[in-house]
Engineer: 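This structure is in structure tokens; I'll ask about it shortly.
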Amino acid sequence: MSVAVELDQITKSFDTTFAVNNVSLTIEPGELFFLLGPSGCGKSTLLRVIAGFYRPDAGILRFDGAEMNSVPPHQRNTGMVFQNYALWPHMTVEQNVDYGLKLRKLEKQERQKKIDSVLDLVQMREYHDRPVNTLSGGQQQRIALARALVIEPSVLLLDEPLSNLDAALRQNLRNEIREIHSRTQITTIYVTHDQVEAISMATRMAIMKDGVFVQTGAPREVYQFPTDPFVASFVGETNFITGNIQEISNGSVMIDTPIGILRSECIYHDFTPGQEVSCSIRPETIQLNQNDNVNQFDATLSHITYLGRVEEYELMIADQHSIRTVQYNPQTNLKSEGDIVNLSIPPQAIVPLPIENAD
Ligand code: ATP
């Protein structure tokens, strides 16, 4: 049984730092929801508020409509997994997983059934009698996951669970966590600073900065239509070209930039003529030598990086503006550094974003 988690104007500060500053959001039952942001943005603090380790200074936390602020952590029916596993090193796998069941005073037979079934779920049953300090990092993290899942939590909370593991193992465990989530359908809240992890796994995600949510949405939505320059650069790679709104017409805007006029048809803000904007353009949307008739520029190929699966180009426009692009499946070396190429940017791929004034 999974629940909805509602954050209603939650604030948590430490001395003068607002770690979480008046955030509101509803996470629907069964979501695999990500809190994504750079170090220090408040993600772990928010997760701890949900777990009950911190009480918010203001705001209300609800599970399925029931207020949780004064419910102690062990009565919230949440399971938590930490970056450093936090297992009892000298206990066996089975004893670690059994711990939460014993606290709940379940009969031995019922406990054993649940332990066997959760160890099957994380593919660790054959290790049941091994002390956990004899297991690899990836295996220990599977046991931490099993320990959190065995109590059949209403909400599963994961705090950077894969960041101690190497890249290949991280990729495997990402797939396994997705699989386990789709089988159990437990509302899961997952904290990470790794945007690839978030994009590849999340049903939805909130991008956090300085204790607030900058944008919330499904991975595709956030990647394709960032609402803010911070989100555009934090989630994926992008190019920025600044300029001023010149003309607004039905469904498109013209932007005056140092490389020339750009036409955008990706407009999610109300703009006024003269307003300064930063245009986000994803490298993979830029086309070379396509002969489109909008947003075309001549550029000098200043740097080529061959990466096997892709080739990255750095291009200079008007001798002063550098722009990065990527070509997939680069088979023959047709281009050299110093070549002049014609690039075009589809109007749907130019996302003008308002530039915040510092004051
Ligand atoms: P990281 O990815 O590095 O773990 P985070 O996004 O999880 O970062 P938090 O750990 O939530 O960030 O911290 C948010 C802010 O609150 C930071 O400025 C941090 O220094 C501060 N902070 C967190 N916990 C405490 C604490 N117990 N006492 C004082 N300040 C704290």
Side-chain angles (χ1 to χ4, degrees), residues 5-25 27 31-61 68-70 72-74 76 78-87 137 140-141 144-145 148 155-167 169-171 173-174 177 187-202 204-217 219 222 226-237 358:
V5 175
E6 189 188 345
L7 312 172
D8 186 356
Q9 300 188 310
I10 299 278
T11 294
K12 173 70 192 164
S13 56
F14 300 101
D15 304 321
T16 53
T17 308
F18 280 93
V20 175
N21 194 355
N22 194 23
V23 302
S24 295
L25 170 77
I27 298 167
E31 279 204 81
L32 176 49
F33 193 94
F34 271 68
L35 298 172
L36 172 69
S39 182
C41 71
K43 358 181 244 302
S44 296
T45 301
L46 186 52
L47 204 70
R48 284 172 165 74
V49 165
I50 297 168
F53 303 142
Y54 293 146
R55 210 179 158 132
D57 303 323
I60 302 172
L61 170 74
M68 286 288 128
N69 289 35
S70 49
H74 64 280
R76 294 188 182 193
T78 57
M80 187 130 176
V81 176
F82 300 91
Q83 178 177 346
N84 59 1
Y85 326 132
L87 297 167
Q140 290 193 45
Q141 200 52 302
L145 199 55
V155 185
L156 179 63
L157 304 170
L158 307 173
D159 194 353
E160 304 262 12
L162 307 183
S163 49
N164 276 351
L165 308 176
D166 68 45
L169 201 51
R170 262 205 316 267
Q171 182 57 51
L173 274 170
R174 274 179 202 158
I177 292 173
T187 309
T188 302
I189 307 174
Y190 191 128
V191 158
T192 187
H193 61 267
D194 182 335
Q195 45 104 8
V196 175
E197 206 150 283
I199 289 185
S200 62
M201 297 175 73
R204 279 193 310 150
M205 57 203 210
I207 319 302
M208 284 188 82
K209 183 185 170 197
D210 300 335
V212 300
F213 295 154
V214 190
Q215 187 171 358
T216 304
V222 171
T227 55
D228 173 281
F230 169 76
V231 175
S233 59
F234 192 77
V235 181
E237 258 194 67

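Atoms within each ligand, like the ligands themselves, are counted from 1 in listed order.
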Engineer: Rounded to the nearest 0.5 Å, what separation is found between the CE atom of Met205 and the CD atom of Gln195?
Structural biologist: 8.0 Å

Engineer: Has Cys41 got any heavy atom lying under 4.0 angstrom from an atom of ligand 1?
Structural biologist: yes

Engineer: Rounded to the nearest 0.5 Å, what's the gap from CD on Gln140 to CG on Leu165? Could you check?
Structural biologist: 10.0 Å

Engineer: Report, in ascending order of atom number, the atoms of ligand 1 lying under 4.0 Å from any heavy atom of Tyr54.
Structural biologist: 27 (N)

Engineer: Please report the C-alpha distance between Leu36 and Val222 in whole Å, then the side-chain angles of each, then the deciding distance to 0.1 Å, and finally whether the side chain to side chain contact (heavy atoms under 4.5 Å, CB included) criterion is met.
Structural biologist: CA-CA 12 Å; Leu36 172 69; Val222 171; over 6 Å; no

Engineer: Can you tell me how far apart CG (Leu35) and OG1 (Thr45) are? Round to the nearest 0.5 Å.
Structural biologist: 11.0 Å

Engineer: What protein heavy atom sits nearest atom 29 (C) of ligand 1, and how far off is it?
Structural biologist: Phe14 CB, 3.3 Å

Engineer: Quick one: pull up CZ in Phe34 and OG1 in Thr188 and give me the separation to the nearest 0.5 Å.
Structural biologist: 9.0 Å

Engineer: Among all protein heavy atoms, pick the one closest to atom 3 (O) of ligand 1 and tell me residue, atom and distance.
Structural biologist: Ser39 OG, 2.6 Å

Engineer: Would you say atom 19 (C) of ligand 1 has a protein heavy atom nearer than 4.0 Å?
Structural biologist: no

Engineer: To the nearest 0.5 Å, how far apart are CD1 in Ile60 and OG in Ser24?
Structural biologist: 10.0 Å

Engineer: Contact between Pro38 and ligand 1, counting heavy atoms under 4.0 Å?
Structural biologist: yes

Engineer: Take atom CZ in Phe230; do more than 12 heavy atoms of anything else shown fall under 6.0 Å from it?
Structural biologist: yes

Engineer: Output yes when a protein non-hydrogen atom is found under 4.0 Å of atom 13 (O) of ligand 1, and no otherwise.
Structural biologist: yes

Engineer: If hydrogens are left out, which of Ser13, Gly40, Ser44 has an atom nearest to atom 7 (O) of ligand 1, that is, the closest non-hydrogen atom?
Structural biologist: Ser44

Engineer: Would you say ligand 1 has an N or O under 3.5 Å from any N or O of Thr17?
Structural biologist: no

Engineer: Mind checking the CD-OH spacing from Glu160 to Tyr190? Nearest 0.5 Å is all I need.
Structural biologist: 8.0 Å

Engineer: What is the closest protein heavy atom to atom 2 (O) of ligand 1, and at what distance does it sit?
Structural biologist: Lys43 NZ, 2.8 Å

Engineer: How close does the nearest protein non-hydrogen atom get to atom 16 (O) of ligand 1, and which residue and atom is it?
Structural biologist: Ala19 CB, 3.4 Å

